[in-house]
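The structure appears right after this line, and notes come after that.
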Number of protein chains: 2
Amino acid sequence: MARAATTADAFNAVAEPRRRQILDVLVGGERPVNDLVAQLGLAQPLVSKHLRVLREVGLVDVRDEGRQRVYRLNAHPLKPIHDWLQNYERSWAQRFDRLDVVLQELEDQEKGDDGGDE
Amino acid sequence: MARAATTADAFNAVAEPRRRQILDVLVGGERPVNDLVAQLGLAQPLVSKHLRVLREVGLVDVRDEGRQRVYRLNAHPLKPIHDWLQNYERSWAQRFDRLDVVLQELEDQEKGDDGGDE
DNA sequence: CCATTATATGTCCATATCGGAATATATCAA
DNA sequence: TTGATATATTCCGATATGGACATATAATGG
């Protein structure tokens, strides 16, 4: 077996930076392919292929609008990623027990502070 | 160019399910490799290889403890993923404006319901 | 019908994957 | 030293990628 298909998962689909860029544009509202091509400065076939992957994972929907195809974001499949991350949120918010970090922490607290930990 | 290396990113590293499983175990505290092998039921070399990837991305730290190597979670590299997702959180929380979805929504509410969305 | 615009698909290549099997390395024990 | 235990690395094969380029499909306007 090789690496899981990019279409296997939102995890896999979103691992590709261009694909993330595409979604980032689509958060601003639906767009026809050429808009994406222009905004991202990528070759049109590339964009189409990335859109295919996103579509297969359900991250975008398409609508035919005359000779254009308008793509629209559907963020739902991202939720599992978010959910998975929840377990770890505390881990990067919380201080580590490595000595240097702990010292930093103490220093910060001594300094008066204006916010507890978030 | 082929697909980005798994070690390129936390995004890429975490796209692999087993790697996520490993991290999921490590949230519970540091573990030597064999513990992971046992808990995950994977071949030892496989686990070692996945751990290498996680190490290269900085998601785990290692400590030598006698003849064992104890791995410890470092969730920091996951933060970029979380940050990226923030833009989309509203998108799956909010209701969509597609007619069918809206109707569904109304229906569900009328029905009293015993399960929201998953 | 033909040309043009908008998008999708197919072919090719270099690259890197995950997993399995075998083996290397390292530490401890007798 | 020899052996056992714990972990890492190497070699292999099947697979699929992203990108470049060429081409197919589809809709629109003469």
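Every value quoted in this text rests on a predicted model; they were computed, and no experiment measured them. The sequence lines fix the lettering, A, B, ..., with proteins before strands; numbering per chain opens at 1.
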At a 4.0 Å cut-off to heavy atoms of chain B, the contacted part of DNA chain D spans D/dA6 to D/dG18

On DNA chain C, more 5' by nearest nucleotide between A/Arg3 and B/Asp64 is A/Arg3

inquiry  = Check the phosphate of C/dC18 against B/Arg19, side-chain N and O only, distance under 4.0 Å to OP1 or OP2. Yes or no?
reply    = yes

_Just to be sure I understand the rule, does A/Gln44 reach a base, reach only the sugar-phosphate, or reach nothing, if contact means heavy atoms closer than 4.0 Å?_
base

Exercise. Does B/Arg67 put a side-chain nitrogen or oxygen below 4.0 Å from OP1 or OP2 of C/dT25?
Worked result: no

Query - A/Arg69 side-chain N/O to C/dA8 phosphate OP1/OP2 under 4.0 Å - result: yes

In short, side-chain hydrogen bond (donor to acceptor under 3.5 Å, both in side chains) pairs touching residues 25-34 of chain B with sequence neighbours left out are B/Glu30-B/Arg63

Per the under-4.0 Å heavy-atom filter, residues of residues 47-57 of chain A near DNA chain D come out as A/Lys49, A/His50

- prompt: Charged N to carboxylate O below 4.0 Å: is that the case for A/Arg52 and A/Glu56?
  reply: yes

Exercise. Answer yes if the side chains of B/Asn74 and A/Tyr88 hold a donor-acceptor pair under 3.5 Å, and no otherwise.
Key: no

Please work out if A/Pro32 contacts a base, only the sugar-phosphate, or nothing of the nucleic acid, heavy-atom cut-off 4.0 Å. sugar-phosphate

- Task: Determine whether A/Leu42 and A/Arg18 make a side-chain contact, defined as any pair of heavy atoms from C-beta on separated by less than 4.5 Å.
- Result: yes

Verify side chain to side chain donor-acceptor pair (under 3.5 Å) between A/Glu89 and A/Gln86, making sure each step is shown before the conclusion.
-> CA-CA 5 Å; A/Glu89 235 170 298; A/Gln86 302 252 239; 3.1 Å; yes

B/Arg20 and A/Asp9 ion-paired at < 4.0 Å: yes

Exercise. Is A/Asn34 near enough to C/dT5 that one of its side-chain N or O atoms lies under 4.0 angstrom from OP1 or OP2?
Worked result: no

